[in-house]
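In what follows, every heavy atom counts, from backbone to side chain, and hydrogens, waters and symmetry copies are set aside.
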Amino acid sequence: MPRTSRTPRRRVALLASALVAVSLPTIAFAEDSDPEAGADAGRVVVSSDFSGDTLPEGFKAAEGTWQVRDGRLYGSSANSSQLSRITFGEHLNDFRIEVTARFESVVDNGRWTAMGLDMPAGGAVPWSIATMRTGTTAANGLEFAQRTPSNTWNVTDTHAAPFAAGTGKDVKIAAEVHGTKAVWYFDGKEVMRTSKVARSADGIQGLLVNGASASYDDLKVTELPPRSYIRPAGSPLTVIAHRGASSAAPENTLVSQEIARRGGADFIENDVQPSKDGVPYILHDTTVDRTTDGTGPIRSLTSAQLDGLDAGSWFAPHYKEARVPTLAAQLDDLRTRGGDLLLEIKGSHTKAEVATIVDTIRAHGMTGRVFVQSFEVDALRYTHELAPDLPLGLLRSNLDADPVALAKELHLAAYNPQDSAISKNPSVIADLHKAGVAVMVWTVDSADRWKALESAGVDAIITNRPTELIGWNNAYRQSQSIPPAKPKVAITSPAADAVLDRAQSPLPTVQSDDADSVTLTLDGKPVPAGTPLDLTTLPTGPHTLRAVATGAGGTVEDTRTFTLKATPTGLAHLIFTSGAKEASISSMTAMLGLKQYSLLATWAKVQSGKSLDADRAALIAGDARALDSAR
């Protein structure tokens, strides 16, 4: 976007151009990455230097003391329990709010001021805010947060600022909002992004202060153009979670969606198909055989039958309760908990079937947060005819002879080729961009390819490893602009201090940011990525998982300890998976069933190296002795 000329105004806070890498969710925005250009891009809704002696027209104090004096707006909160706030502006989907803020006094370094991103005009809950603490260099010095309808806090994202705001110091702060996505600017630099801004149908803007007295100058709210799916120069790749976080949880389920959302994916990519009775369900395959405990084509099963299927156990035992979600359930989850959807219409659909999908999206108030893609040209034609406001993407295994012409014909917002196809002719990316069409590439899990595609200028990557791509995004951007940040790594599964038995096969889950590589070990031995732990080879007692993340900014680690406990179920699993002959298994299970643990331990010791593998015999004997001692 070209920079427009402007006339300098008294005390107008304009932020310098800068984009720095961050360790939180990413999305491409329509406006130029220069905050000044973004601020000049649209209609100015609010602009005040507070040169009068009364509150400007349209400002409504909802709590606390608010007054204008000496060319500034002053707000105060008597203590940490008082959430003082003032509202102004109008309801906007895409906007920038900026202000020069100064803490005059604070109760403690945890007190804060905030820009209201979505607030009822009367100041009642719920709200979405961008918060700055006086102790801004703390890990939660800056936040995106929500005050929920039940009047509780939901802090969705945190980050440290580059320097302390303190008291008596003017700090230029800003936030750019596009629907549920927002960017936090501190002193002219981007420090944090989120995809979890809770929006309402009529919320406006505001300022808040808690446990402090703060003053403000040069407040401005500017309407921005709707976001584009084309990635501006300097912005990170848009991260699209393929079937949810499918490398860490059963694909196309709400739990996979939740993990991807928590990891910070910009979009959840899922597939939709109708049941026999016409209900749209989230499933990739034409049959339910691979990912559920059922059999048969999805189109031959009723919604009642699909609702009863176990869609998680195939992936790991602890996902047994996962179900095949309806599109309606998925949209409800996204609407209430956050996240946008890249929805693939899977396979051939009639116009009536597409209409059901469109009606479901509309009924759940998600037309502004769903992007529809398909391999099926007819499905896209039907979608455009029924809902021209929904953005469309064409999936391709091979490039078309003229992607630009086809994109124009189908009214595409994005052309979505397979990685192997785009790698043969990356010049088509620039051609599509000139036509206003984004490029979303599938399905890419390699850091080498991420780098190549980033350099080629693609806009988004569909990946099974969304959290890793987010970490790579941030590490790459940091390496291009500022000294690299120290990586972060956290083992999120199994639960801390979990007690497990041998019948379980937990899948270790690791989240990382700013890391080029992450290694995971169990008791010092490598654990391959995406591999469940085999507890049939471990001794009972404590075991330690260690994740080590290495990036340009150094190396960090996280550890998690679990305890393997001898149980009758676990011992039975040891016996049945021992590889022993049927007669030996019958003997052992008979002793186990009669709780003859001491006899079983002796039998295993005698049969070691004979009818029973020596290592397995030792484990069976050990578990049997432990059970005998516990009686």
Practice prompt. May I ask you to say whether Glu251 pairs ionically with Arg290, meaning some side-chain N is under 4.0 Å from a carboxylate O?
Written response: yes
Worksheet entry | Set of residues satisfying salt bridge (Lys or Arg N to Asp or Glu O under 4.0 Å) with respect to Asp400, sequence neighbours excluded | Arg396
Worksheet, complete the sentence: Looking only at heavy atoms, the pair that brings Ser423 and Pro426 closest together is O-CD, 3.7 Å
Practice prompt. Mind telling me whether Phe371 and Phe267 have parallel, tilted or perpendicular rings, with 30° and 60° as the class edges?
Written response: perpendicular
Worksheet item: Quick one: which of Leu117, Leu92, Thr194, Asn93 gives a side-chain contact (heavy atoms from CB on, under 4.5 Å) with Val177?
Response: Leu117
Discussion item. Under 3.5 Å, is there a donor on one side chain and an acceptor on the other for Asp277 and Ser303?
Written reply: yes
Fill in: Parallel, tilted or perpendicular, as decided by the 30° and 60° cut-offs, for the rings of Tyr476 and Trp472
parallel
Discussion item. Applying salt bridge (Lys or Arg N to Asp or Glu O under 4.0 Å), can you list everything that pairs with Arg362, at least two apart in sequence or on another chain?
Written reply: none
Practice prompt. For the residue pair Asp448 and Ser446, confirm or rule out a side-chain donor-acceptor distance under 3.5 Å.
Written response: no
Fill in: Contacts of type salt bridge (Lys or Arg N to Asp or Glu O under 4.0 Å), residue Glu258, not counting sequence neighbours
Arg261, Arg262, Arg337
Practice prompt. Using the side chain to side chain donor-acceptor pair (under 3.5 Å) rule, take Thr148 and Asn154 through it: C-alpha gap first, then chi angles, then the decisive distance, then the call.
Written response: CA-CA 7 Å; Thr148 69; Asn154 177 26; over 6 Å; no
Worksheet item: So which heavy atom on Ala130 is nearest to which on Phe144, and how close?
Response: CB-CE2, 4.0 Å
Practice prompt. Quick one: list whatever passes salt bridge (Lys or Arg N to Asp or Glu O under 4.0 Å) with Asp332, sequence neighbours left out.
Written response: Arg335
Worksheet item: Does a side-chain N-to-carboxylate-O contact under 4.0 Å join Lys346 and Glu376?
Response: no
Worksheet item: Do you see a donor-acceptor pair shorter than 3.5 Å between the side chains of Asn252 and His284?
Response: no
Worksheet, complete the sentence: CG (Asp310) and CZ (Arg323) are apart, to the nearest 0.5 Å, by 5.5 Å
Worksheet entry | side chain to side chain donor-acceptor pair (under 3.5 Å) between Asn464 and Asp445, worked out | CA-CA 6 Å; Asn464 295 306; Asp445 296 334; 2.9 Å; yes
Worksheet item: For Trp153, is the NZ or CZ atom of Arg147 found under 6.0 angstrom from the centre of its six-membered ring and inside 45 degrees of the ring axis?
Response: yes
Practice prompt. Keeping to residues at least two apart or across chains, list the salt bridge (charged side-chain N to carboxylate O under 4.0 Å, His left out) pairs with something in residues 419-435.
Written response: Asp419-Arg449
Worksheet item: Hey, which of Leu392, Leu410, Leu412 is the one that makes side-chain contact (heavy atoms from CB on, under 4.5 Å) with His384?
Response: Leu392
Worksheet item: Given the rule in the ring pair (Phe, Tyr, Trp, His ring centres under 6.0 Å) test, do Tyr415 and Trp442 qualify, once you have shown the distances and angles that lead to the verdict?
Response: CA-CA 11 Å; Tyr415 185 82; Trp442 58 276; over 10 Å; no
Worksheet item: How would you list all residue pairs meeting salt bridge (charged side-chain N to carboxylate O under 4.0 Å, His left out) that involve residues 364-373, not counting sequence neighbours?
Response: Asp340-Arg369
Worksheet item: What closest approach, in Å, do Arg243 and Asp271 show between heavy atoms, and which atom pair accounts for it?
Response: CG-OD2, 3.9 Å
Worksheet item: Looking at Tyr185, is Arg96 sitting on its ring face, NZ or CZ under 6.0 Å from the six-membered ring centre and within 45 degrees of the normal?
Response: yes
Item to complete: Indicate whether any N or O donor in one side chain lies under 3.5 Å from an N or O acceptor in the other, for His433 and Asp459.
Response: yes
